[in-house]
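The block underneath contains the structure these notes are about, expressed in C-alpha cells.
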Amino acid sequence: MTTTAPNPAYDPNNVFARILRGEIPCHKVYENDAALAFHDITPAAPVHVLVIPRGAYTDFHDFTHRATPEEIAKFWQAVDHVAQQENLLPAGFRLITNTGPDSGQEVPHFHVHLLGGEKLGPLLSRKG
Ligand code: 5GP
C-alpha cells in the first residue's frame, strides 16, 4: 500500500499512532491494509467503533487532501465493512469525525466514530 510523505504537523506519539505500532493494546474488530477498526475505550453507544487509517494523517482534511485514492477507498470500505459486521444494517448508525479545535478533536490522528445499536437521539447536545 503506497502512502504519501509524512505531514510535519503529525504527532507520531499520539495514542492512535501508538495503537498502530502495537505499543498500546486495542480491542480490534476489523483491519485491512489501509485501516484498523477497534472499540472506543469510552463507548458512547452500545456499538462505538473507531476506524483509523494506517497512514499518518492528522484529521479528515489532511486525509482527504494527502491520502492516495486507494487508501481513501479502502478506508471507507473498512467503515462499511464494520457497519455490516456489527449488524448495524438496516437499523442504521451514525458516523462522526471531529476535525480541529471547534469540534473537540482529542486525538490528532484522523478517525471516524461509528455509533449504533440504539436510537442515538439528536445530532448535537444543546449548549448549557
Ligand atoms: P475525538 O474526540 O478525538 O474525536 O475522539 C477520540 C476518541 O478516542 C474518544 O472517544 C476516546 O474515548 C478514544 N480514545 C482515547 N484514547 C483511547 C485509547 O487508548 N484506546 C481506545 N480504544 N480509545 C481511545
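Whatever order the structure lists them in is the order used to number ligands and atoms, beginning at 1. Note that the numbering runs from 1 along the sequence shown for the chain.
For atom 17 (C) of ligand 1, the nearest non-hydrogen atom of the protein is I41 CG2, 3.7 Å. In terms of protein heavy atoms, atom 22 (N) of ligand 1 is closest to H39 O, 2.9 Å.
Applying side-chain contact (heavy atoms from CB on, under 4.5 Å) to H109 and the options L20, I19, L50, D11 leaves one that passes, L20.
Heavy atoms of V15 found under 4.0 angstrom from ligand 1 belong exclusively to the side chain. Looking at F16 against ligand 1, only its side chain comes within 4.0 Å, counting heavy atoms. Neither the backbone nor the side chain of I96 comes within 4.0 Å of ligand 1, counting heavy atoms alone.
Heavy-atom contacts of E106 reach the following atoms of ligand 1: 1 (P), 2 (O), 3 (O) (cutoff under 4.0 Å). Each of the following atoms of ligand 1 lies closer than 4.0 Å to a heavy atom of G104: 2 (O). Which parts of ligand 1 touch T42 is read off a 4.0 Å heavy-atom cut-off, strictly below it: atoms 12 (O). Under a 4.0 Å criterion applied to the non-hydrogen atoms of H113, ligand 1 contributes the atoms 1 (P), 4 (O), 5 (O), 7 (C), 10 (O). Proximity to N98 (heavy-atom distance under 4.0 Å) selects the following atoms of ligand 1: 1 (P), 2 (O), 4 (O).
Polar contact with ligand 1: present for D40 (N/O pair, distance under 3.5 Å).
Under a 3.5 Å cut-off, the side chain of Q84 and the backbone N or O of H81 do not form any donor-acceptor pair. The backbone N or O of A34 lies less than 3.5 Å from no partner atom in the side chain of E71, so there is not a single donor-acceptor pair. Side chain of D62 to main chain of D59: no donor-acceptor pair is present (N/O by atom type, distance under 3.5 Å, no hydrogens or angles). Proximity of a side-chain donor or acceptor of T64 to a complementary backbone N or O of H61 within less than 3.5 Å is not detected. No donor-acceptor distance shorter than 3.5 angstrom exists from the side chain of E86 to the backbone of L88, with no hydrogens or angles considered.
The ring-ring contact (aromatic ring centres under 6.0 Å, His included) search around H113 returns H48, H111, not counting sequence neighbours.
The number of heavy atoms from other shown groups lying within 6.0 Å of CZ (F60) does not exceed 12.
The shortest separation from a heavy atom of H111 to ligand 1 is under 4.0 Å, placing the residue in contact.
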